[in-house]
K.L.:
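Once you've had a glance at the structure underneath, I'll fire off some questions.
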Amino acid sequence: MSVRVRFAPSPTGLLHIGALRTVLFDFVFAARHGGTNILRIEDTDRERYNPESEAEFIETLAWVGITFQEGPHVGGPHGPYRQSERKEAGIYAKWIQVLLEKGHAYKAFETKEELDEMREFQQVNKQPTGYFGGNWRDASPEKVAEAEAAGKPYVIRQRIPRDRKVVTEDFIRGRVEFDSNTLPDPVLIKADGMPTYHFAAMVDDHLMEITHVLRGEEWISSFPYHWVLFEQFGWTPPVFVHCPVIVGTDGKKLSKRHGATRVLDYAAQGYLKGSLKNFIALIGWSPGDDRELLTEAELIASFSLEGLQPSPGRFDIEKLKWINGNEIRSMSPDACLGALLDYINTPYTREYWEAFVDENPMPNKPPIDGKQIWARLDRVRAAAAQDREYLTKAIAEEQARVTTLADFGEAVEFFLLEEPPMDAKAVEKWFGQSHVPALLDTIEAAVKANPNLDIDGFQELLIGFQTEQGFEKLGPVVHPTRVALTGKTFGPGLYQLMAILGPDRILARLARARTLLTS
RNA sequence: GCUCCGGUCGUCUAGCGGUUAGGACAUCGCCCUUUCACGGCGAAGGUCGCGGGUUCGAAUCCCGUCCGGAGUACCA
């Protein structure tokens, strides 16, 4: 039997990191076994339905490159793939009828107020809360018929068998047992006629021939209802795999406070999809050996359910940064620039940075200015249009020095600006020394004499100046030059940087540096 | 309260009765070097939550306990 898995989000909001990992596992698992990955939209909650949500899913999934063989956007033999449409098609009505006839479900006519009252009573008396039968589990057919005839609204509940154990099977944890007397009768069909998750998801999983259900650990609590439902229908259940949750650095569920929780925000921050997938796969799963850097193909080739862990994992952004920096370094300069431009040209990147507010600024550093970050990235875009070759060289030099695509804006700034900002401290430290005017003169003369100086040429030039001046170390010649040319005390190798800058920029910057010497 | 789940360096993890408990991120040091990175090498960091068993032998099996988490909706 071939593997069929499904990602079944509820269109109520954004696609967050935890959900992304679940789909990643679906996708990779299906790919590993040549199976089918299915997208199903669980829009049975009219109140929380958010029409923008489905587009958010599609956009996010498209960005990370997770594809589906069946779903509302591509169709398939088991459609429709939206539960609201399945409801219209009468699918749930048909199957709830089966349950009703078998006596595994019943109509309950309590009002919302009555249920609230009951729950309050249970809480006050420290009893387990929930509906354990009320007035309707054992009501006579006449009583039910009467209530129905009177037009009273009702829900349909699952009749959980009493006085027995429900022995479920979770792939990761093995046997998980529940005392059926602690399980309230869950609602299967709401008063508005819509099915609940408990009903719709199980019916659909069966009808769509899902072989493995990968879902969040938070479902374990309601797992026994689902298990019993399969029993009551007489269906063989799929393999249930409850994946551990991803928590923030403080051990609590991932939220805004931990940085971004929306997947597209990571894209906007300059993380690469490959790195994000690599990183996220490693939370709660391991290939069983020591590999940590995995391409998507390797992920697929080595993925197995056995590598899944039961305990929750923390989202450690530092590790993501490492993986991301690594991927950036592994790209050819050309490919890297391509990725950078794709990133900059994604509308949400600009939107994200322009609206960015630094909520937890570092104590000793000024808060991050999103508008400035965008301004720098925008400059990169302009530079690409103007002189792509020059930009590519600059990118190549900075690849080892950044961790996200967004970092390139600042890293490459001094290459692009006619007059890069000067670090005042650096100017103070290096421009006061008496040999500096002569140094600048020497470079100027050499560049004018030979505009085509290459890396070796610049090295020769500066070392020549060093020996001429009798300096033991290269520092006194290299540092002032670097400050004069870049405004900074750090960056790529000076000779390669000069070779890239070229004679015109060098001359212009030397001239500017000279004005700072006198003042 | 009740029901479940979980617990190996700060973090992600390997481990499935016999290992000096391995790797990675982060941290620190050294090397490379004109700087910053990258890279290389190395260090520190774990009485495997705790307490009992079982066993010649336990991170690994059993029981208890503590702590953390999830659920407890006509939400998913």
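Letters A, B, ... mirror the listed sequences (proteins, then strands); counts begin at 1.
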K.L.:
Does A/Lys319 come within less than 4.0 Å of A/Asp316, counting only side-chain N to carboxylate O?
P.N.:
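No.
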K.L.:
Rounding to an integer number of angstrom, what distance separates B/rC50 and B/rG6 when you compare their C1' atoms?
P.N.:
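My reading of the C1' atoms in B/rC50 and B/rG6 gives 16 Å.
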K.L.:
If you measure from the C1' atom in B/rC61 to the same atom in B/rG22, how many Å do you get, rounded?
P.N.:
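After rounding to an integer number of Å, I get 23 Å for this pair.
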K.L.:
So does A/Arg119 get a side-chain nitrogen or oxygen closer than 4.0 Å to the phosphate oxygens (OP1/OP2) of B/rA73?
P.N.:
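Checking A/Arg119 against B/rA73: at least one side-chain N or O falls below 4.0 Å of OP1 or OP2.
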K.L.:
Side chain of A/Glu218, heavy atoms from C-beta onward: which of B/rG23, B/rG71, B/rC75 has the nearest atom to it?
P.N.:
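In terms of side-chain proximity for A/Glu218, the closest of B/rG23, B/rG71, B/rC75 is B/rG71.
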K.L.:
Rounding to an integer number of Å, can you tell me how far A/Asp170 CG sits from B/rC4 P?
P.N.:
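That distance rounds to 15 Å.
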K.L.:
If we take the C1' atom in both B/rA58 and B/rC63, what is their distance in whole Å?
P.N.:
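The same atom, C1', in both gives a distance of 15 Å.
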K.L.:
Counting just side-chain N and O atoms, does A/Arg157 come under 4.0 Å of either OP1 or OP2 of B/rC74?
P.N.:
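For B/rC74, OP1 or OP2 has a side-chain N or O of A/Arg157 closer than 4.0 Å.
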K.L.:
How far, in whole Å, is B/rG7 from B/rU65 if one measures between their C1' atoms?
P.N.:
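Going atom to atom, C1' in each nucleotide, I get 13 Å.
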K.L.:
Taking the C1' atom in each of B/rC38 and B/rA21, what is the distance between them to the nearest angstrom?
P.N.:
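Comparing C1' positions in B/rC38 and B/rA21 gives a spacing of 32 Å.
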K.L.:
Between A/Arg401 and A/Asp407, does at least one N-O distance fall below 4.0 Å, as a salt bridge requires?
P.N.:
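No, this pair does not count.
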K.L.:
Is it true that a side-chain atom of A/Trp430 and a backbone atom of A/Pro476 form a donor plus acceptor pair closer than 3.5 Å?
P.N.:
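Looks like no, no N/O pair under 3.5 Å.
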K.L.:
I'd like the C1' distance from B/rU8 over to B/rG45, given in whole Å.
P.N.:
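Result for the C1' pair: 13 Å, nearest Å.
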K.L.:
Using atom C1' of each nucleotide, how far apart are B/rA44 and B/rU27 to the nearest Å?
P.N.:
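About 9 Å, rounded to a whole number of Å.
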K.L.:
Could you tell me whether A/Thr489 contacts a base, only the sugar-phosphate backbone, or nothing, with contacts defined as non-hydrogen atoms closer than 4.0 Å?
P.N.:
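The residue A/Thr489 makes base contact.
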K.L.:
Less than 4.0 Å between a side-chain N and a carboxylate O, is that true for A/Glu42 and A/Arg82?
P.N.:
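No, no charged N to carboxylate O under 4.0 Å.
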K.L.:
Taking atom P of B/rA24 as reference, at what distance in whole Å does atom CD1 of A/Ile280 sit?
P.N.:
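To the nearest whole Å, that distance equals 22 Å.
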